[in-house]
Amino acid sequence: MTKVYTSGEVEVRALAGIDMTLHEGEMAVLLGPSGSGKSTLLNIIGGLDRASSGTVLFEGQDLTAYTDRQLTRYRRNHIGFVFQFYNLIPSLTAWENVSLVTEVARDPMKPEEALAMVDLGDRMSHFPAQLSGGEQQRVAIARAIAKRPDVLLCDEPTGALDSKTGVIVLEALARINAEFGTTTAIITHNAGIRKIAHRVFHFLDGEIAAMEVNAERIAPA
Ligand code: ADP
Ligand code: ADP
């Protein structure tokens with residue numbers, strides 16, 4: 001699969017040829033320098049962007065053949081996103097922020113269930129401004145998992161956090177992965193990820209330059 005961005009005369013080859021499979025239930029990490037194509041790949045997997053050539057398969061279906069409507073439905077039904085910035089609604093409590101998603105999902109958890117998964121059972125009535133950065137990010141994770149997505153895509157979820165708080169956030173993601181078997185892909189520079197991930201993909205210039213398997217974590221087949 002490749003991705004080329006075109007703006008006017010300028011072409012940027014963001015993904016030069018990626019051949020990668022995320023295994024069901026695994027926790028994968030994408031590492032690599034800025035500009036190496038990690039976000040572009042997550043966005044294509046999540047149906048926020050489209051590949052320029054090749055195929056992108058989800059449960060045997062090729063996303064590249066999807067109409068915009070099909071892609072939107074795919075995102076809504078199957079994908080959870082977590083970004084560096086939490087994008088919580090400041091006038092709503094943690095519980096209410098999560099309930100915005102659970103009200104429209106097909107088979108959601110209760111907001112309190114999702115918040116308990118990220119250890120925020122005692123912060124449900126707090127507003128974002130009353131929560132630390134790590135807690136706000138965990139609310140954002142609760143919001144992303146509340147619809148029970150098949151795949152959780154996290155683009156620098158620890159990017160705005162100090163390294164210790166970042167580890168707490170990564171541990172919450174690992175717990176979700178273990179408990180629900182949610183296939184998870186994370187872009188993070190937090191060193192704590194090495195213990196937690198099943199596999200680490202190293203990106204360089206739009207390609208996967210290396211892949212490591214974590215021998216200490218037994219990956220789902
Ligand atoms: P990473 O996530 O590893 O930092 P990105 O996927 O964000 O890398 O970017 C890969 C390359 O694609 C970079 O050269 C970047 O400048 C370029 N790029 C990313 N998004 C766009 C866009 N919307 N339009 C044009 N170029 C882009
Ligand atoms: P729809 O309106 O069909 O639900 P959205 O544009 O809201 O589609 O996007 C679907 C998913 O993608 C949502 O989970 C949303 O959070 C996420 N998403 C899309 N674009 C962005 C963005 N720029 N920043 C953060 N999340 C985004």
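In this chain, residues are counted from 1 in sequence order. Order of listing sets the numbers, starting from 1, for every ligand and every atom in it. Only heavy atoms go into these numbers, but all of them, side chains included; no hydrogens, no water, no symmetry mates. Predicted model only: the values in this text are computed from it and were never measured.
When heavy-atom distances to ligand 1 are checked against 4.0 Å, the residues falling inside are Y5, V12, A14, P33, S34, G35, S36, G37, K38, S39, T40, ordered by chain and number.
Between E156 and K38 no salt bridge is recorded (no basic side-chain N to carboxylate O distance below 4.0 Å). Using a 4.0 Å cut-off between charged nitrogen and carboxylate oxygen, R123 and E135 count as a salt-bridge pair.
Scanning all heavy atoms of the two residues, the minimum distance from G134 to V169 falls at O-CG2, 3.9 Å.
A distance-only check finds a donor-acceptor pair linking the side chain of Q137 to the backbone of P157 [under 3.5 Å].
In this structure, the ring of F83 has its center less than 6.0 angstrom from the ring center of F81.
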* After noting the C-alpha distance and the side-chain angles of K3 and D49, does the key distance pass the salt bridge (Lys or Arg N to Asp or Glu O under 4.0 Å) rule? -> CA-CA 9 Å; K3 176 66 181 181; D49 202 350; 3.1 Å; yes
